[in-house]
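One structure is given here, and the rest of the page talks about it.
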Amino acid sequence: MSSSKTHKLRQIFSVQSFSWTGDNLTIVTAQPHLLYDGITVTAHNIDAAYDSVRGIVTVVNATTFTIAGTFTKGNFYQYQVDGFLPGQTGGIGSYSLPRSLAYPMVVQSYVKGTGGAVYKIQVSLDGQHWIDADGGAVSHTTVDDHTVYVTILPGWAYMRPNITSIGTSTNLVIIASE
């Protein structure tokens with residue numbers, strides 16, 4: 001089995017306000033952002049004529065962070081994180097699965113940072129009632145870039161991670177095949 005497409009599970013968060021100081025985009029959020037120094041995010045511009053800004057975060061406080069990037073006109077309304085952040089636990093999101101081949105789907109994950117992570121993949125037919133997929137808990141060590149995979153049997157319509165823990169300054173990234 002080979003995979004022709006893959007996608008990272010991403011999270012989108014709202015921006016309350018933003019400003020530019022030189023080549024630093026400052027973003028303020030209404031809720032604590034859970035980001036840490038060094039993680040990469042993408043700030044999306046509502047005006048399609050202007051580029052989004054992708055860069056490394058410097059945390060100012062619990063609701064403010066900066067991204068180093070080249071000044072771009074427009075209105076930044078949301079930012080995206082690939083994967084999941086320290087402090088996030090429980091079943092997060094609902095991700096649609098492709099309904100095509102009768103082969104298992106591969107879910108690969110890795111950690112960026114040395115805090116480790118523990119989670120289970122859950123599956124559902126309706127996106128509301130969840131059960132643990134075969135394979136049990138996935139445990140990432142405290143080694144940066146530690147990678148593991150699990151498979152999901154064919155036929156399921158949705159998946160999500162049910163996170164037990166993510167270590168300090170660590171990003172849990174999950175990639176699903178299609």
>> Do N45 and D51 make a side-chain contact, defined as non-hydrogen atoms from C-beta onward lying under 4.5 Å apart?
In response: no
Ring pair (Phe, Tyr, Trp, His ring centres under 6.0 Å) filter on H33, not counting sequence neighbours, yields F65
Rounding to 0.5 Å, atoms CD (Q88) and CD1 (I163) come to a distance of 6.0 Å
Heavy atoms of H146 and S139 approach each other most closely as CE1-O, 3.7 Å
Checking R160 against S94 for the side-chain contact (heavy atoms from CB on, under 4.5 Å) test, could you report, in this order, the C-alpha distance in whole Å, the side-chain angles of both residues, the deciding distance, and whether it holds? CA-CA 5 Å; R160 73 175 183 189; S94 177; 5.6 Å; no
Residues T70 and V53: closest non-hydrogen pair is O-CG2, 4.3 Å
Sequence neighbours excluded, the answer for side chain to side chain contact (heavy atoms under 4.5 Å, CB included) partners of S109 is Y119, V138, H140, V148, L172, I174
By side chain to side chain contact (heavy atoms under 4.5 Å, CB included), K112 pairs with (sequence neighbours left out) Y110, D144, D145, N171
Heavy atoms of V111 and T141 approach each other most closely as CG2-O, 4.1 Å
By side chain to side chain contact (heavy atoms under 4.5 Å, CB included), Q16 pairs with (sequence neighbours left out) V28, A30
Rounded to the nearest 0.5 Å, the CD1 atom of I121 sits from the CD1 atom of I131 at a distance of 13.0 Å
Nearest heavy-atom contact between Y95 and P161 is CE1-CD, 4.1 Å
For Y158, the hydrophobic cluster (side chain heavy atoms closer than 4.5 Å, chained through members) also holds W130
Residues passing the side-chain hydrogen bond (donor to acceptor under 3.5 Å, both in side chains) test with T42, sequence neighbours excluded, are R54
To the nearest 0.5 Å, atom NZ of K120 lies from atom CG of D134 at 11.5 Å
For F18, the ring pair (Phe, Tyr, Trp, His ring centres under 6.0 Å) test, sequence neighbours excluded, returns F76
For V118, the hydrophobic cluster (side chain heavy atoms closer than 4.5 Å, chained through members) also holds none
The ring pair (Phe, Tyr, Trp, His ring centres under 6.0 Å) partners of Y149 (sequence neighbours excluded) come to none
When rounded to the nearest 0.5 Å, the distance separating CD1 of I27 from OG1 of T64 is 10.0 Å
Closest non-hydrogen atoms of L85 and Q11, given as atom of the first, atom of the second and distance, are N-NE2, 4.4 Å
- Same cluster or not: are Y79 and Y36 linked, directly or through other Ile, Leu, Val, Met, Phe, Trp or Tyr residues, by side-chain heavy atoms under 4.5 angstrom apart? yes
Residue set satisfying side chain to side chain contact (heavy atoms under 4.5 Å, CB included) with I56, at least two apart, ordered chain then number -> T40
Query raised in the report: Would you say the side chains of T21 and N24 form a donor-acceptor pair under 3.5 Å?
Result: no
ask   = After noting the C-alpha distance and the side-chain angles of V173 and K8, does the key distance pass the side-chain contact (heavy atoms from CB on, under 4.5 Å) rule?
value = CA-CA 7 Å; V173 180; K8 290 181 181 177; 4.0 Å; yes
Worksheet item: Applying the 4.5 Å side-chain criterion to the ILVMFWY set and letting contacts propagate, would L25 and F13 be lumped into a single cluster?
Response: yes
Contacts of D126 meeting side-chain hydrogen bond (donor to acceptor under 3.5 Å, both in side chains) (sequence neighbours excluded), chain-then-number -> S124, H129
Correct closest heavy-atom pair for L35 and I39 would be CD2-CG2, 4.0 Å
Here the gap from Q31 atom CD to T63 atom OG1, rounded to the nearest 0.5 Å, amounts to 9.5 Å
Taken to the nearest 0.5 Å, the spacing of D132 CG from N162 CG works out to 7.0 Å
**Study point:** Evaluation steps, side-chain contact (heavy atoms from CB on, under 4.5 Å), between V57 and T66
**Key:** CA-CA 6 Å; V57 164; T66 64; over 6 Å; no
For D82, the side-chain hydrogen bond (donor to acceptor under 3.5 Å, both in side chains) test, sequence neighbours excluded, returns R10, Q80
